Amino acid sequence: MDCYTANWNPLGDSAFYRKYELYSMDWDLKEELRDCLVAAAPYGGPLVSLLRKPWRKEKAASVTAVLEIYSASACLWPWKSGPVVSLGWSAEEELLCVQEDGGVLVYGLHGDFRRHFSMGNEVLQNRVLDARIFHTEFGSGVAILTGAHRFTLSANVSDLKLRRMPEVPGLQGAPTCWTALCQDRVAHILLAVGPDLYLLDQSACSAVTPFGLAPGVSSFLQMAVSFTYRHLALFTDTGYIWMGTASLKEKLCEFNCNIRAPRSRWCSRPRSKERAVVVAWERRLMVGVMRPRASSILGGLFVLDEDSYLVPELDGVRIFSRSTHEFLHEVPVASEEIFKIASMAPGALLLEAQKEYEAASFGKCFLDRFPPDSFVRMCQDLRVLNAIRDYHIGIPLTYSQYKQLTIQVLLDRLVLRRLYPLAIQICEYLRLPEVQGVSRILAHGPVQQKDVSDEDVARAINQKLGDTPGVSYSDIAARAYGCGRTELAIKLLEYEPRSGEQVPLLLKMKRSKLALSKAIESGDTDLVFTVLLHLKNELNRGDFFMTLRNQPMALSLYRQFCKHQELETLKDLYNQDDNHQELGSFHIRASYAAEERIEGRVAALQTAADAFYKAKNEFAAKATEDQMRLLRLQRRLEDELGGRFLDLSLHDTVTTLILGGHNKRAEQLARDFRIPDKRLWWLKLTALADLEDWEELEKFSKSKKSPIGYLPFVEICMKQHNKYEAKKYASRVGPEQKVKALLLVGDVAQAADVAIEHRNEAELSLVLSHCTGATDGATADKIQRARAQAQKK
Amino acid sequence: MAFPHRLDAPELPDFSMLKRLARDQLIYLLEQLPGKKDLFIEADLMSPLDRIANVSILKQHEVDKLYKVENKPAVSSSEQLCFLVRPRIKNMRYVASLVNADKLAGRTRKYKVIFSPQKFHACEMVLEEEGVYGDVSCDEWAFSLLPLDVDLLSMELPEFFRDYFLEGDQRWINTVAQALHLLSTLYGPFPNCYGIGRCAKMSYELWRTLEEEEDGETKGRRPEIGHIFLLDRDVDFVTALCSQVVYEGLVDDTFRIKCGSVDFGPEVTSSDRSLKVLLNAEDKVFNEIRNEHFSNVFGFLSQKARNLQAQYDRRRGMDIKQMKNFVSQELKGLKQEHRLLSVHIGACESIMKKKTKQDFQELIKTEHALLEGFNIRESTSYIEEHIDRQVSPIESLRLMCLLSITENGLIPKDYRSLKTQYLQSYGPEHLLTFSNLRRAGLLTEQAPGDTLTAMESKVSKLVTDKAAGKITDAFSSLAKRSNFRAISKKLNLIPRVDGEYDLKVPRDMAYVFSGAYVPLSCRVIEQVLERRSWQGLDEVLRLLNCSELAFTDMTKEDKASSESLRLILVVFLGGCTFSEISALRFLGREKGYRFIFLTTAVTNSARLMEAMSEVKA
């Protein structure tokens with residue numbers, strides 16, 4: 001503890017800088033670092049190295065360049081690839097390899113090829129001279145300098161939009177140095193051609209001069225942009241350094257040193273008053289801190305043992321070489337307060353006290369009004385940070401980087417490194433909700449394991465998650481599908497209770513038939529319909545119909561739709577199924593709904609009849625044929641007699657004929673269509689009564705013995721209020737209905753006589769109920785007497 | 001005369017909350033389209049809408065003009081058009097034609113379609129096909145439960161019957177499940193559930209899934225409704241096909257009650273205007289006669305009239321002070337009662353004129369003969385004559401169906417001849433009607449039963465698997481025949497009566513059919529409630545072809561206390577009749593239950609037959 005401040009270097013007014021070793025590197029570099037293309041991802045991200053030489057000098061295919069990807073502790077995954085100009089990491093920790101022809105290969109952390117995109121034809125023609133990968137708030141961008149000294153950039157590689165920057169007037173050779181800047185959400189290029197600086201944006205190229213630049217600059221050799229794009233440092237060939245805002249409008253400081261060919265990076269803590277640039281050259285490292293109100297600069301010098309590479313971070317610089325990996329940063333205020341020599345800050349006193357009393361988390365108990373949350377949270381965070389800094393994990397994050405990155409992204413990164421157990425442990429330790437935590441990890445995680453069988457993975461995930469609310473099996477399945485593990489995805493979906501979530505993914509995976517049965521299982525017809533439409537577009541008609549055939553529920557749903565929207569399809573459906581009965585019905589409907597002309601209607605009926613025969617429904621076939629005959633006949637009647645006959649039923653046709661006085665025709669029709677006698681008699685009776693043609697009715701009644709008896713004649717005459725005619729028929733009514741008939745015509749007395757004669761109790765009471773008041777008094781008495789007599793017997 | 005409930009009968013829940021919910025949601029939806037707008041309403045939604053929000057409420061939310069959705073171009077000049085429709089393809093084409101006409105005319109307006117009770121994918125699909133999907137915004141008005149009365153909730157979906165039982169279209173099942181979910185959210189969980197029928201089972205399962213997905217909401221709530229019973233209409237077609245003789249049913253059969261109200265024409269009002277009357281428990285006169293056999297109603301009404309007269313007559317001996325009291329306190333009530341009384345007396349007279357003719361008596365006689373299974377030949381000729389005389393296409397059809405179901409199908413000769421006669425009377429398009437009726441199992445041909453299964457197994461051996469499946473389907477549809485006679489015996493549906501059945505003091509539910517028949521549906525419900533399960537009803541279930549389709553589900557926790565809950569929700573899928581409602585109300589009074597009815601729509605024989613009929617457009 002005493003030597004805690006041993007590696008603190010005071011710089012500037014109030015800050016200390018500290019450089020400490022993160023790891024000793026375990027990588028197996030065959031070449032010198034300077035002979036390699038090297039790139040490191042920010043936030044303690046992975047490193048990549050690629051030997052520069054083979055495809056620069058010899059184009060022989062036999063020599064393979066080796067691309068190697070390492071964790072920050074350099075113990076990862078060697079792997080091979082082709083020619084590359086520049087390397088870089090995207091925000092999602094994907095490796096971007098910019099090739100000479102402008103093609104960009106995207107690899108995962110494990111060297112698995114993800115995708116490929118091109119930076120455009122212009123780049124292809126002129127080759128890539130130089131390329132930078134930079135980070136913006138949208139993601140990661142690529143900027144390319146082509147052989148024709150033009151710039152092309154894309155601000156976000158996951159949503160590729162290429163922008164070709166304007167030409168720099170009079171540019172002959174390559175710029176001496178350049179960088180991509182990101183200001184106001186727009187990416188620019190700042191380049192130096194000798195002593196001149198140009199800013200390229202979307203539309204124009206403008207010459208710029210840094211504010212307060214010392215005269216006599218002959219060439220800019222290097223420029224460094226800060227992590228947040230807020231500050232810029234320029235180095236000239238004379239060893240002069242200008243530091244200011246990235247807009248060049250404000251100078252922070254300037255100073256001279258004797259450095260040539262430097263590599264420089266910004267190194268400052270967010271919100272720190274101090275701004276520092278780290279400049280490395282020839283195994284020496286200088287930290288330049290500017291003093292806001294002074295034009296001079298203080299330089300702290302570190303000596304490096306080896307060639308090193310600098311990685312800018314949010315709050316410092318990572319420095320790695322063949323054997324070590326170090327971190328250089330300004331000591332945070334909190335640490336400073338606690339550990340600074342003779343510090344009187346509360347923290348420092350507390351530390352002293354704690355040392356004195358050997359009591360862990362001392363003091364906490366005295367602060368009853370102070371909620372312990374932040375203390376607990378800080379302890380948790382520190383544990384997490386320690387865990388991931390472990391040599392085997394190799395993610396050296398500082399606290400401020402960790403806060404900036406967020407725990408979710410950190411978990412994603414662990415998952416990306418397939419460190420599932422650690423990720424899950426962290427989730428459980430921090431008590432993250434399932435949705436954010438474990439299920440998310442599993443969604444990303446185990447489904448990517450290629451060596452375990454689908455069944456086992458699915459089961460393992462289910463055992464881990466069970467039916468915890470908030471767990472989305474479909475999310476996990478979607479991820480599995482994203483990794484090309486369709487079968488696993490399907491297995492996982494089995495655990496998804498909500499069919500609404502299963503079906504869309506199944507459709508995406510082109511398992512439409514499975515989707516269909518899932519949708520049907522769900523009972524949600526809308527879902528079924530969605531799948532149906534999908535299937536309809538995906539399959540050819542025959543297959544589609546075949547699929548439907550095995551799913552009666554879907555079939556009826558689709559039929560309903562077709563009935564309203566696609567009649568022809570409906571017909572095809574029936575045809576395919578050899579459903580002749582329904583085909584017949586279909587044509588029958590067409591015969592009166594779709595067809596206008598009589599020929600068309602008859603033709604439709606003929607098709608219907610044929611279908612019915614095929615369906616072995618002889619009754620329907622015959623009925624349809626009868627209808628064809630009737631239609632033709634009705635047409636003829638309309639032509640010959642005028643009036644309206646079409647579409648009347650057979651019964652109504654005959655009635656109309658009788659009402660029109662065409663009795664002969666009516667009888668002919670009745671014979672032709674074998675109208676049963678009973679119907680014909682009812683029909684004629686009604687029609688003639690309607691006509692009040694009593695004479696004809698009487699003739700008709702005498703034509704032969706009525707098959708419906710004569711009571712209907714009485715009834716119908718009475719309905720027309722013709723008592724006279726009714727009485728005629730009442731006398732002819734058979735004995736069983738005689739009483740009713742007599743009552744109908746109002747002859748109560750005679751009805752009573754008949755009833756008494758029949759000795760029928762029911763008839764007697766019927767008559768009695770018709771006896772009203774005084775007029776029928778005698779009759780009523782008579783009946784009562786008859787009744788009494790009957791009872792005596 | 002109306003029987004009081006037992007003192008310990010439970011209170012009915014307050015269903016007016018459903019109306020408020022629906023109203024608030026509708027207003028919210030209307031406000032989503034701020035500013036003046038014209039509202040196009042589908043005809044079928046007009047009456048239900050009227051029960052939820054009247055015109056003045058609509059106007060308050062800037063509805064300018066109201067139009068009916070029909071097959072005519074609209075003349076609205078508003079800049080915003082709102083359509084309130086059922087999710088039907090026909091309506092989508094209407095909206096599309098309107099939008100496209102505007103486009104042709106270079107006119108831009110805002111269009112919004114509100115689907116009730118829910119949106120179907122097929123509808124959006126049609127909008128897309130017609131190229132207007134982007135121009136129209138779609139919303140859902142989840143209005144699926146209309147409280148028609150204190151104990152009657154209707155989904156007002158008459159098309160449910162045809163869609164499901166004829167077309168096999170299951171789209172409304174989700175709506176039913178949603179409705180049940182809403183009820184359980186509002187009125188607590190249902191601890192004991194029973195059901196019968198395929199649709200009942202599916203609805204129930206879907207509803208359970210919904211509950212599980214959103215679990216926790218009803219957990220811990222005290223159940224109010226102790227039992228729920230779901231029943232498919234096709235379990236009992238017979239009851240629905242009978243002529244109704246209790247007052248409410250008879251009014252429905254004669255005048256058609258629509259959405260809880262009826263239009264009495266001039267023949268009832270004995271004036272030249274027709275009168276729209278709301279029929280529910282608030283109508284004190286109606287409430288007392290609604291469940292009565294018609295033969296009692298007239299006597300009751302005249303007694304009531306005499307009482308009323310006596311009330312009026314009290315005025316004679318009054319001094320000024322008493323008179324003042326009378327006028328201010330009683331007169332209004334008496335006048336109201338007077339008005340109602342005269343309406344119902346008018347309705348009764350009109351019904352008597354229509355129904356007490358000999359024709360009606362014979363019709364009822366034939367129905368009873370069919371139910372009891374005697375004089376089948378005679379009944380068949382009666383039906384034939386009915387058809388020959390073109391009495392009524394719907395009535396004839398109904399009688400044919402009743403004959404078919406009670407007799408396990410018509411014998412082939414009758415099947416052919418009755419159909420032929422029917423086609424001759426009413427036109428050839430009814431060939432399709434018969435095909436529908438056959439598919440729904442309402443009108444079938446008798447098949448010799450024993451040879452059937454033998455033949456089936458023989459044929460199945462000869463053909464491939466798939467064909468065998470088809471054949472089994474075909475056979476099972478044939479085998480899906482009613483075993484009404486055996487069920488009737490088993491459940492004692494035809495009461496043995498010594499002497500006259502006293503309709504004034506009914507002793508069982510048979511009174512709703514003049515003592516001739518206990519409604520099958522109600523008897524099944526009674527039996528299950530008594531046993532608290534389907535135990536011992538295996539034979540009945542087999543006869544109903546529902547062995548696999550009956551279910552019981554009880555929550556284990558505090559079984560005893562939930563069983564004692566006597567509020568029972570009966571869900572009729574495919575519609576229920578007023579006779580069934582009356583019968584169950586009677587049962588409730590006898591046993592101290594209170595029944596609540598949820599139906600896809602109130603139905604009767606004519607509505608069922610119309611749903612199956614093919615008519616020329």
Side-chain angles (χ1 to χ4, degrees), chain A residues 469 497-499 520 522-530 533 549-550 552-553 555-557 559-561 563-565 581-582 584-585 588-589 591-593 605 608 612 617 619-620 622-624 626-627 630-631 647-652 655 673 675-676 678-683 686 708 712 740, chain B residues 88-90 92-93 118-122 125-126 129 163 167-174 177 202-203 205-206 209 212-213 215-216 358 381 384-385 387-390 415-417 419-432 434-436 438-439 445 466 469-470 473 614 616-617:
Chain A
R498 295 162 298 172
S499 319
I520 290 170
S522 79
D524 182 345
T525 47
D526 248 15
L527 211 54
V528 178
F529 198 78
T530 316
L533 290 181
R549 197 167 168 173
N550 300 323
M553 186 260 197
L555 181 60
S556 56
L557 194 70
R559 255 191 221 142
Q560 282 283 78
F561 175 73
K563 255 180 206 169
H564 294 283
Q565 199 69 357
Q581 173 66 32
E582 287 299 330
S585 300
I588 294 266
R589 200 171 285 118
S591 80
Y592 61 80
L605 287 172
F612 284 136
N617 186 343
F619 174 82
K622 287 257 155 35
T624 310
D626 279 350
Q627 174 58 15
L630 183 64
L631 262 184
D647 282 331
L648 293 180
S649 71
L650 180 61
H651 187 109
D652 294 342
T655 307
F673 284 88
I675 293 183
K678 277 187 180 176
R679 172 189 291 281
L680 192 62
W681 275 70
W682 277 112
L683 187 159
T686 319
I708 54 173
K740 272 190 201 164
Chain B
R88 293 174 180 147
I89 288 175
K90 166 179 113 225
M92 293 307 101
R93 287 224 287 268
Q118 68 180 106
K119 178 167 71 181
F120 287 135
H121 190 67
M125 158 86 194
V126 172
E129 276 184 0
D163 281 351
E167 312 281 4
D169 184 339
Q170 302 176 359
R171 70 171 84 184
W172 297 115
I173 291 179
N174 188 31
M202 285 193 288
S203 311
E205 277 162 9
L206 199 56
T209 319
E212 275 157 27
E213 267 172 33
D215 70 348
Q358 218 168 17
S381 347
E384 194 167 352
E385 187 188 307
I387 298 169
D388 283 349
R389 292 171 57 194
Q390 289 186 312
Y415 186 59
R416 271 198 296 278
S417 80
K419 282 202 299 183
T420 310
Q421 295 306 313
Y422 195 89
L423 293 179
Q424 289 191 356
S425 273
Y426 301 115
E429 66 273 16
H430 289 289
L431 206 51
L432 304 184
F434 289 123
S435 154
N436 291 345
R438 192 186 132 121
R439 187 146 24 118
E445 187 173 357
K466 191 188 271 169
K470 263 180 116 179
D473 279 354
E614 290 286 335
K616 289 182 203 172

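None of the values given here were measured: they were computed from a predicted structure. We name chains A, B, ... by the order of the sequence lines, and we start the count at 1 in each one. Excluded from the calculations below are hydrogen atoms, water molecules and symmetry mates; all remaining heavy atoms, backbone and side chain alike, are included.
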### Message
Let's test your reading of the structure: which of Asp524(A), Leu650(A), Asp526(A) forms the most heavy-atom pairs below 4.5 Å with chain B?
### Response
Asp526(A)
### Message
Taking side chain as everything from C-beta outward and backbone as N, CA, C, O, which of these in Gln390(B) sits under 4.5 Å from a heavy atom of chain A? Side chain, backbone, both or neither.
### Response
side chain
### Message
Pair Arg439(B), Glu582(A) - check salt bridge (charged side-chain N to carboxylate O under 4.0 Å, His left out), show working.
### Response
CA-CA 11 Å; Arg439(B) 187 146 24 118; Glu582(A) 287 299 330; 3.2 Å; yes
### Task
Using a strict 4.0 Å threshold on nitrogen-to-oxygen distance, state whether Glu167(B) and Lys563(A) make a salt bridge.
yes
### Query
Should the pair Arg589(A)-Glu614(B) be classified as a salt bridge under the 4.0 Å nitrogen-to-oxygen rule?
yes
### Sub-4.5 Å side-chain heavy-atom contact between Gln170(B) and Val528(A)
no
### Query
Among Met125(B), Arg88(B), Glu385(B), Gln421(B), which has the most heavy-atom pairs under 4.5 Å with chain A?
Gln421(B)
### Message
Using a 4.5 angstrom heavy-atom cutoff, name the option from Phe619(A), Phe529(A), Trp681(A) with the most pairs to chain B.
### Response
Phe619(A)
### Region of Met92(B) in contact with chain A, defined by heavy-atom distances below 4.5 Å
neither
#### Entry: Rounded distance [0.5 Å steps], CD in Gln560(A) versus CG in Asp169(B)
4.5 Å
### Message
Tell me whether Lys119(B) at atom NZ has more than 12 heavy atoms from other residues, nucleotides or ligands lying less than 6.0 Å away.
### Response
yes
### Task
Would you check if there is a donor-acceptor pair between the side chains of Ser425(B) and Arg679(A) at a distance under 3.5 Å?
yes
### Query
Between atom NE2 of His651(A) and atom OH of Tyr422(B), what is the distance when rounded to the nearest 0.5 Å?
13.0 Å
### chain A contacts, top residue of Glu384(B), His430(B), Gln424(B) (heavy-atom pairs, under 4.5 Å)
Gln424(B)
### Engaged part of Ile675(A) at the chain B interface, taking heavy atoms whose separation is under 4.5 Å
both
### Task
Heavy-atom distances under 4.5 Å only: say whether Arg93(B) touches chain A with side chain, backbone, both or neither.
side chain
### Message
Working note: Ile387(B) + Trp682(A), criterion side chain to side chain contact (heavy atoms under 4.5 Å, CB included); need CA distance, chi angles, decisive distance, verdict.
### Response
CA-CA 11 Å; Ile387(B) 298 169; Trp682(A) 277 112; over 6 Å; no
### Query
Of the backbone (N, CA, C, O) and the side chain (C-beta and beyond), which part of Ala593(A) lies under 4.5 Å from a heavy atom of chain B, both, or neither?
neither
### Pairwise distance CE(Met202(B)) to CE(Met553(A)) - rounded to 0.5 angstrom
7.0 Å
### Query
Which answer fits Ile173(B), side chain, backbone, both or neither, if we ask what part of it has an atom under 4.5 Å from a heavy atom of chain A?
neither
### Summary
Applying a strict 4.5 Å limit to non-hydrogen atoms, the region of Glu205(B) in contact with chain A is neither
### Contacting region of Ser417(B) [heavy-atom separation from chain A under 4.5 Å]
neither
### Query
What part of Phe561(A) lies closer than 4.5 angstrom to a heavy atom of chain B: side chain, backbone, both or neither?
both
### Region of Tyr426(B) in contact with chain A, defined by heavy-atom distances below 4.5 Å
backbone
### Summary
If one checks every heavy atom of Gln627(A) against chain B at 4.5 Å, the contacting part turns out to be side chain
### Query
So which heavy atom on Thr525(A) is nearest to which on Arg171(B), and how close?
OG1-CA, 3.1 Å
### Task
Determine, stepwise, if the pair Thr420(B) / Lys622(A) fulfils side chain to side chain contact (heavy atoms under 4.5 Å, CB included).
CA-CA 10 Å; Thr420(B) 310; Lys622(A) 287 257 155 35; over 6 Å; no
#### Entry: Heavy-atom proximity to chain B below 4.5 Å, by part of Ser585(A)
both
## Note on the structure
One option among Pro712(A), Pro676(A), Ala623(A), Ser591(A) has the most heavy-atom pairs under 4.5 Å with chain B, and it is Pro676(A)
